[in-house]
Structure formats: C-alpha cells, structure tokens
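Beneath this line is the structure, given in structure tokens, with notes to follow.
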Amino acid sequence: MRRVVIVGYGMAGARLADELRRRDSDISITVVGAEPHAAYNRVLLSTVVAGSMTPESTRLHDDRWAAEHDIDLRLGYEVREIDRASRTVTVAQVPRGAVSTPSDPAESFPYDALVLATGSVPWVPPAEGLVEDGRLAPGVVAFRTLDDCAEIEAKAHKGAPVAVLGGGLLGIEAARGLAGRGCLVTVVHPVGHLMERQLDPGAGSVLARTLGKLGIEFRLNAMAAKYLPGDGLILDDGSRVPAELVVVSAGVRAETSLAVKAGVTVDRGIVVDDALRTSDPRIHAIGDCAQHPGTVSGLVQPAWDQAAVLADRLTGANPAARYRGTSVVTRLKARDVDLAALGDVHTDVDCPDSEVLCFQEPSRGRYAKLVLRDDRVAGAIVLGAPDAAATITQLYDRGIPAPTDRLALLLGRALPAEAASPADLPSSAVICRCNTVSKGQIVSAWRAGAESLPQLAEATRATTGCGGCKDAVCGLIDWLGASQPASA
Ligand SMILES: Cc1cc2nc3c(=O)[nH]c(=O)nc-3n(C[C@H](O)[C@H](O)[C@H](O)COP(=O)(O)OP(=O)(O)OC[C@H]3O[C@@H](n4cnc5c(N)ncnc54)[C@H](O)[C@@H]3O)c2cc1C
C-alpha cells in the first residue's frame with residue numbers, strides 16, 4: 001500500500017486528501033497541519049472580519065472527517081524535517097501560548113510520496129517597530145489565519161483608528177470589513193493606485209473613490225517607516241496615520257523553509273513541473289508554496305486544480321494527468337463594491353493586436369475595460385456593473401466569441417444567447433467563486449433534494465461567501481425546476 005504524507009492541512013492539503021480518498025479507498029494518507037483548527041476556507045476570512053460569517057461556517061471538514069475517511073490527521077503538529085535518503089519526515093507538536101507545556105516527543109513518519117502544501121506566509125514591510133523579538137509587535141496583526149481574525153475582531157471596536165498596510169485585494173477586503181464595523185480605516189499603499197496586480201490606474205482610482213464614500217481613507221505612494229505602539233504609523237513622507245490596530249496585508253511569500261532545508265530546488269516557490277514533482281521525484285508541491293511555470297500563485301483555484309491532477313497521478317487513476325495552468329478570475333469580496341478582474345488587463349488601448357474598450361463613470365462607481373483578441377475575451381476589469389461582469393466572465397471561462405455589440409456587453413446589456421441560459425453552461429462552470437462550486441455540483445445537490453436556495457447553500461456552500469452568485473444560483477434553480485434536465 002502506498003503511503004502519502006501531506007504537509008499542510010490548508011486549502012490545498014485538505015482538497016488533496018479528499019481527492020485521494022475519493023479515488024482510492026486503500027491508499028494510506030497522513031495529513032500534518034500546523035494550525036490548531038480543522039481545515040477552513042481561507043478565502044472567506046474577509047467575510048469573517050466583516051462580521052457576516054462565523055469562523056465555524058468557514059470549515060471545510062467536520063470533526064468526524066478524518067475518522068470517517070480513514071485519514072491519520074495530526075492537527076496542531078508540524079513537519080520539522082525531511083530525510084530524503086530514508087524517506088521519512090519528523091513531526092512534532094506546535095508549541096502554543098506564552099507558557100510552554102511539555103509537548104509529545106517528535107515522531108518519524110515514512111512516506112512513498114510526500115506532498116508539500118505549506119501555503120504562504122504574510123510579508124511584513126521593513127518598518128521600524130512592526131516586529132519585536134521576531135514576532136509582530138503588540139497591536140500589529142497579519143491577515144492570514146482564523147487566529148489572526150480573532151485578534152483583529154477583538155481590537156476592532158467602533159471608532160477605533162485602524163491602519164491597513166497594503167491596498168491589494170486582501171487589504172481592500174480587510175479595510176471594507178473593518179469600516180463596516182465602524183472603525184476609522186486608513187489604507188497605506190506603496191503604489192499610485194489600488195490593486196495594481198489586477199487593475200489599471202483608471203479602475204484603481206474609481207475603486208478608491210467608491211471606497212472613500214464608504215469612509216475609507218487612502219495614503220497612496222506611501223510606505224510605513226515607523227510604528228509607535230498605541231499611537232500609529234509614521235510614513236516615509238513624515239506624515240502620521242493614527243492607529244490602535246495595524247493590519248498587515250502587504251503580500252505573501254511562499255512557505256518554502258522545509259524544502260530549502262531538505263535541498264529541494266526553490267526559486268520564488270518550490271519549483272514543480274507539470275506532474276507537480278519537485279527536483280526530488282518522491283516529493284511534490286501544490287498550492288501557494290508551489291511555483292509552476294506560467295501559473296499565478298496565491299489563489300485557490302490553481303491549488304484545487306493541482307490537487308485533482310496530483311490525486312490522479314498518486315492513486316494511478318490517471319498516471320498521465322498533467323497540470324497545465326489555470327485561468328483565474330479575481331472577485332473582490334467587499335460589501336457594496338462589485339469588482340471582477342480576469343486575464344490580461346494591462347494591455348493599452350492602442351495595442352495593435354488587441355481590441356481594447358474602456359468605459360468609465362467615476363461618479364457612479366462604474367469602470368469597465370475589455371481586452372479582446374481574435375474576438376474572444378482575453379482580459380477584463382468590471383467595477384460596479386455586476387451584469388456585465390457575469391456575462392464577460394462566462395465568455396472568458398468558456399472561450400466563446402464575444403457578441404458584436406461590444407458597447408452593450410461593456411454596459412451589461414448584452415446577454416449573448418449562448419451565455420444567457422444556465423442550460424448552456426458546461427457542468428464544470430464555476431458558479432460560486434468563493435467556495436469553488438460548479439454548476440455540476442449544484443445540479444447534483446438539487447437532484448439529491450436540495451431544491452431551495454437555503455438548502456442548496458447548506459448542501460454545497462454556494463452563495464455563502466460574498467453572495468455575488470445568488471442570482472446565478474436562483475437562475476439554476478428556476479431552470480432545474482422548469483426543465484428537470486436529464487443531463488446537465
Ligand atoms: C483573507 C484572504 C482572502 C483570500 N481571498 C482569496 C480569493 O478571493 N480568491 C482566491 O483565489 N484566493 C484568495 N486567497 C488566497 C487563498 O486563500 C490561498 O491561495 C489558499 O489558501 C492556498 O491554499 P494552500 O493550501 O496552498 O495554503 P494555505 O491555505 O495557507 O494552507 C497552508 C497550511 O499549511 C500549514 N503549514 C505550513 N508549514 C507547515 C509544516 N511545516 N507542517 C505542517 N503544516 C504546515 C499552514 O499552517 C497552513 O495551515 C485569500 C487569502 C486570504 C488570507
């Protein structure tokens with residue numbers, strides 16, 4: 001029997017364990033997870049900070065999962081070392097709290113295949129005082145784990161001045177959530193516009209204006225130089241940002257320390273090929289910690305696609321399976337702000353081999369940019385126009401030609417016949433991006449008796465994130481009720 005050891009019980013590790021067991025009831029699976037919690041949907045932490053979801057409702061597995069699936073789960077344990085020659089890992093309990101309690105002695109686990117799913121860790125800007133004795137200073141919290149959320153919640157009282165370091169996707173989500181709790185939020189961002197990875201300057205400025213109306217302040221082109229506990233931040237231009245709480249959301253770095261120690265090849269992440277193999281063919285890496293050519297890391301969909309490919313290979317279900325990359329759609333999960341960004345958004349309007357359309361109405365918080373190549377959507381930014389976002393995302397996901405009336409498409413008034421009906425969506429189309437729920441899963445749950453929106457939400461988790469997919473799920477319910485299709 002093959003022994004698979006998975007390092008990391010986050011979104012990639014948990015999914016891999018599920019995929020392995022689904023394909024093979026005999027394979028031996030050990031999962032080692034450093035966090036003290038059962039795996040949870042990290043994507044939903046912004047919703048927890050905003051107060052619209054409880055930590056419990058983000059869980060991916062219940063307490064019975066490991067026993068029911070015959071998985072040796074070591075919760076609150078970490079892999080400290082990999083011995084590649086003897087193919088064993090050393091596992092020990094993670095020390096918790098200020099007072100250290102005697103922990104269990106380290107154990108050795110043999111493996112035939114080892115999978116590193118160690119995720120990533122927050123990057124902390126090099127401002128004086130943010131880190132003390134190797135830890136974040138009191139009043140400074142990262143935004144990565146459920147424990148971070150609990151710490152943020154405890155300090156984020158109404159009227160509290162809060163500084164958020166970083167105006168990327170997560171920083172904006174944290175800022176919106178905290179402003180919704182009544183905190184006085186200032187976002188400090190080193191670039192001239194928000195979310196520069198996903199947005200062009202025009203969209204960034206419309207987004208800042210929209211968020212400004214919701215009470216959030218911005219310091220762009222600025223960096224924190226010094227943290228004064230209980231007082232706030234001094235920025236590099238000498239100005240001050242008052243803050244009782246500083247939330248660090250300035251980017252992440254792949255967690256590669258185990259791989260480095262074991263002599264496995266590491267660049268920005270743990271380097272893997274299309275078979276998700278590292279430089280040691282017995283060791284694999286998936287998720288945020290892995291670096292696959294051409295894949296944007298730091299997003300969940302690539303991690304889950306990689307888990308499926310690796311499960312095919314490790315169980316022998318499809319030894320020829322290869323991971324070729326994932327096209328990703330980014331959605332901001334922030335109340336009252338609807339934003340989707342996908343594909344190549346940085347192409348200029350005068351680029352000769354692309355058709356680029358732009359529309360903006362800053363006073364109403366609307367901005368749309370569409371990049372077309374060979375009549376197909378190659379990239380888009382859609383802010384404040386959910387109908388346009390839904391249609392354009394469908395066109396992008398399915399790779400079908402855009403309708404000839406481009407303006408109507410940009411304004412959300414074009415529903416191309418082939419994209420309008422849920423019947424025409426492929427079963428694999430992702431309906432709920434927060435929970436990665438496909439049309440096929442919704443159809444299966446409906447057929448199993450979950451016929452109403454709350455029942456489907458309970459069965460599949462669709463709509464329980466940002467809620468942006470509610471209309472699409474209702475559309476599927478109507479279609480299923482009306483047609484009771486034999487195959488979907
Ligand atoms: C607030 C927030 C919002 C996000 N929103 C989105 C979004 O909208 N869309 C999107 O696509 N992505 C989003 N992401 C990113 C997404 O959550 C990650 O891409 C995803 O979690 C990656 O999964 P992973 O398993 O690789 O890493 P993780 O989920 O981070 O899991 C890694 C796990 O490995 C554990 N670990 C590390 N080292 C060891 C060790 N030596 N031994 C044992 N365990 C170890 C860690 O403790 C952790 O539990 C968001 C992230 C955050 C924090």
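Order of appearance sets the numbers: ligands from 1, and atoms from 1 within every ligand.
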Quiz item: Taking atom 27 (O) of ligand 1 as the point of reference, which of Gly177, Gly119, Gly269, Ala117 owns the nearest heavy atom?
Solution: Gly119
Practice problem: Say whether Glu35, considering both its backbone and side-chain N or O atoms, lies within less than 3.5 Å of an N or O atom on ligand 1. | Solution: yes
Self-check item: N or O contact, Arg144 vs ligand 1, cut-off under 3.5 Å
Solution: yes
Quiz item: Considering only the protein, which heavy-atom contact is closest to atom 37 (C) of ligand 1, and what is its distance?
Solution: Thr118 O, 3.3 Å
Quiz item: Would you say the side chains of Asp200 and His193 form a donor-acceptor pair under 3.5 Å?
Solution: no
Practice problem: Output the distance between atom CG (Leu342) and atom OG (Ser327), rounded to the nearest 0.5 Å. | Solution: 8.5 Å
Quiz item: Are any of the N/O atoms in Ala12 less than 3.5 Å from those in ligand 1?
Solution: yes
Quiz item: At a 4.0 Å threshold, what atoms of ligand 1 neighbour a non-hydrogen atom of Gly298?
Solution: 12 (N), 15 (C), 19 (O)
Quiz item: In the protein, what heavy atom is nearest to atom 8 (O) of ligand 1, and what distance, to one decimal place, separates them?
Solution: Lys333 NZ, 2.4 Å
Quiz item: Would the Phe218 and His189 ring centres measure less than 6.0 Å apart?
Solution: no
Quiz item: Judged by atom type as modelled, is there a donor-acceptor pair below 3.5 Å linking the side chain of His37 to the main-chain atoms of Leu75?
Solution: no
Practice problem: Run the numbers for me: atoms of ligand 1, each under 4.0 Å from some heavy atom of Leu258, listed by number. | Solution: 41 (N)
Quiz item: Which residue owns the protein heavy atom closest to atom 41 (N) of ligand 1, what's the atom, and how far is it?
Solution: Val79 O, 3.1 Å
Quiz item: If you round to the nearest 0.5 Å, how far is OH of Tyr367 from OG of Ser205?
Solution: 8.0 Å
Self-check item: Residue, atom name and distance, where the atom is the protein heavy atom closest to atom 29 (O) of ligand 1
Solution: Arg42 NE, 2.8 Å
Quiz item: For Asp288, is at least one N or O under 3.5 Å away from an N or O on ligand 1?
Solution: yes
Self-check item: Location of contacts on Thr145 toward ligand 1, heavy atoms closer than 4.0 Å
Solution: neither
Quiz item: What is the nearest protein non-hydrogen atom to atom 40 (C) of ligand 1, stated with its residue, atom name and distance?
Solution: Val7 CG1, 3.7 Å
Quiz item: Just by distance, with hydrogens left out, do Gln441 and Ser444 show a side-chain donor and acceptor under 3.5 Å apart?
Solution: no
Practice problem: Look only at the side chain of Thr391 and the backbone of Asp387, and say whether a donor-acceptor pair between them is shorter than 3.5 Å. | Solution: yes
Quiz item: In terms of residue, atom name and distance, what is the protein heavy atom nearest to atom 44 (N) of ligand 1?
Solution: Ala34 N, 3.1 Å
Practice problem: Report the nearest protein non-hydrogen atom to atom 10 (C) of ligand 1: residue, atom name, distance rounded to 0.1 Å. | Solution: Leu299 CD2, 3.5 Å
Self-check item: Pair Glu255, Thr118: side-chain N/O donor-acceptor within cut-off below 3.5 Å
Solution: no
Quiz item: When you measure from atom 53 (C) of ligand 1 to each heavy atom in Tyr77, Phe143, Tyr9, Tyr40, which option holds the nearest one?
Solution: Phe143
Quiz prompt | Nearest-option assignment for atom 6 (C) of ligand 1, heavy atoms, candidates Val89, Ile286, Val329, Val43 | solution = Val43
Self-check item: Tyr9-His61 aromatic ring centre distance below 6.0 Å
Solution: yes
Exercise. Would you mind checking which non-hydrogen protein atom is closest to atom 4 (C) of ligand 1, with the distance to 0.1 Å?
Key: Leu170 CD2, 3.3 Å
